[in-house]
Protein chains: 2
Amino acid sequence: MTTPQLTKNQSLVFDVLEKAEGPLSAYTILDKLRDHGFRAPLQVYRALEKLLEYGVVHRLESINSFVACAHPGDDCHSHGIVAFAICESCGQVMEFHDHEVDHRLMAWVRAQKFKPEKTTIEIRGLCEACAA
Amino acid sequence: MTTPQLTKNQSLVFDVLEKAEGPLSAYTILDKLRDHGFRAPLQVYRALEKLLEYGVVHRLESINSFVACAHPGDDCHSHGIVAFAICESCGQVMEFHDHEVDHRLMAWVRAQKFKPEKTTIEIRGLCEACAA
DNA sequence: ATTGCACACGTTATAGCATAACGCAATTGA
DNA sequence: TCAATTGCGTTATGCTATAACGTGTGCAAT
């Protein structure tokens, strides 16, 4: 799937996420876009919904926040399962992929005849700098 | 770590979760315990906090819900990373462990000098029965 | 050209999830 | 006895997410 041209709201939300140091909540995004005419949460959530669908933004379930995908110009849906390491001190997020992990999880899923739609892997802890 | 004697509120919350077919939200638990004197969310959240700490209950981050651990009498913290498959149709949850997945994730973490505190693996989709 | 549809958008209101801050009571251990 | 800890109850509040309504625009089929 290729990413279609973004609408105005989608572009604004995406730009905010791309320029951010770490993940942002929908309401934080809203606050950053008030100067651009945003007034209500739905304006953010609707844009996020599309950006998630296009695979250019990820949702971090464990902290109710969103980040721009670490692979600019690419569709993350094609990389298999995406895993995240989230520093609880500085908020930095590292995104990675491990095919062996994918393989093991998919093997389990297959054995159970479970039909996966969306898989979340999130490691919360301290990054190297913050753990020192 | 062994599980200490549960307090009254902790027991009530745990019993509700154990008897439930699937995961419950904190507010659902609250409603089920109104007859037992529960009046406020904090009564539930405080009990859950302890039950999570004892490892007898898990939090499902992706659906803001809680389940009793599938290994009665045991402390799940000792099983390594716990993974969940959550059926989005019937709500059923399957809990499993895969040491190879643990190993791969811990290898990555180690290479990055990241210090993990809590790891979430959740697969949402359809169980065999619901996918048919 | 107009009708019908799909989609993005704006607004208001509401639902659902979680915690802050206060105070009280019981327990424990120095 | 005193202080520290823990559990509990209550009120209030904050954060996260969606429902439901209506508007406008572009575009394709008739």
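Below, chains carry the letters A, B, ... as their sequence lines are ordered, and counting in each starts from 1.
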Measure from [atom1] on [X] to [atom2] on [N] and round the result to the nearest Å.
X	N	atom1	atom2	answer
A:Gln5	D:dG26	CD	P	15 Å
B:Leu30	C:dA15	CG	C1'	15 Å
B:Leu52	C:dA18	CG	P	11 Å
A:Leu60	D:dT16	CG	C1'	15 Å
A:Leu24	D:dT16	CG	C1'	15 Å

Is any side-chain N or O of [X] closer than 4.0 Å to OP1 or OP2 of [N]?
X	N	answer
B:Gln43	D:dC8	no
B:Lys50	D:dG7	yes
B:Tyr45	C:dT19	no
A:Thr7	C:dC9	yes

Both B:Gly37 and B:Gln10 contact DNA chain D. Which one's nearest nucleotide lies toward the 5' end? B:Gln10
With DNA chain D as reference, determine whether B:Lys8 or B:Ala40 sits nearer its 5' end, using the nearest nucleotide of each. B:Lys8
Please determine, for the side chain of [X], which listed nucleotide ([options]) has the closest atom?
X	options	answer
B:Asn9	D:dA20, D:dC8, C:dT12	D:dC8
A:Arg39	C:dA18, C:dT11, D:dT10	C:dT11
A:Arg46	D:dG9, D:dA20, C:dA18	D:dA20
B:Asn64	C:dT11, C:dA18, D:dT10	C:dA18

Hey, which of these two, B:Ser65 or B:Leu42, hits DNA chain C nearer its 5' end, going by closest nucleotide? B:Ser65
Taking 4.0 angstrom as the limit, do A:Arg59 and A:Glu122 come out as a salt bridge? no
Is the shortest distance from a Lys or Arg side-chain nitrogen in A:Glu53 or A:Lys50 to a carboxylate oxygen in the other one below 4.0 Å? yes
Over 60° means perpendicular and under 30° means parallel, so tell me whether B:Tyr45 and B:Phe66 are parallel, tilted or perpendicular. perpendicular
Nearest heavy-atom contact between A:Cys87 and A:Cys127 is SG-N, 3.4 Å
Under 3.5 Å, is there any donor-acceptor pair linking the side chain of B:Tyr27 to the base of C:dA15? no
Flag the pair B:Glu117 / A:Arg124 as yes when at least one side-chain heavy-atom distance between them is below 4.5 Å, and no otherwise. no
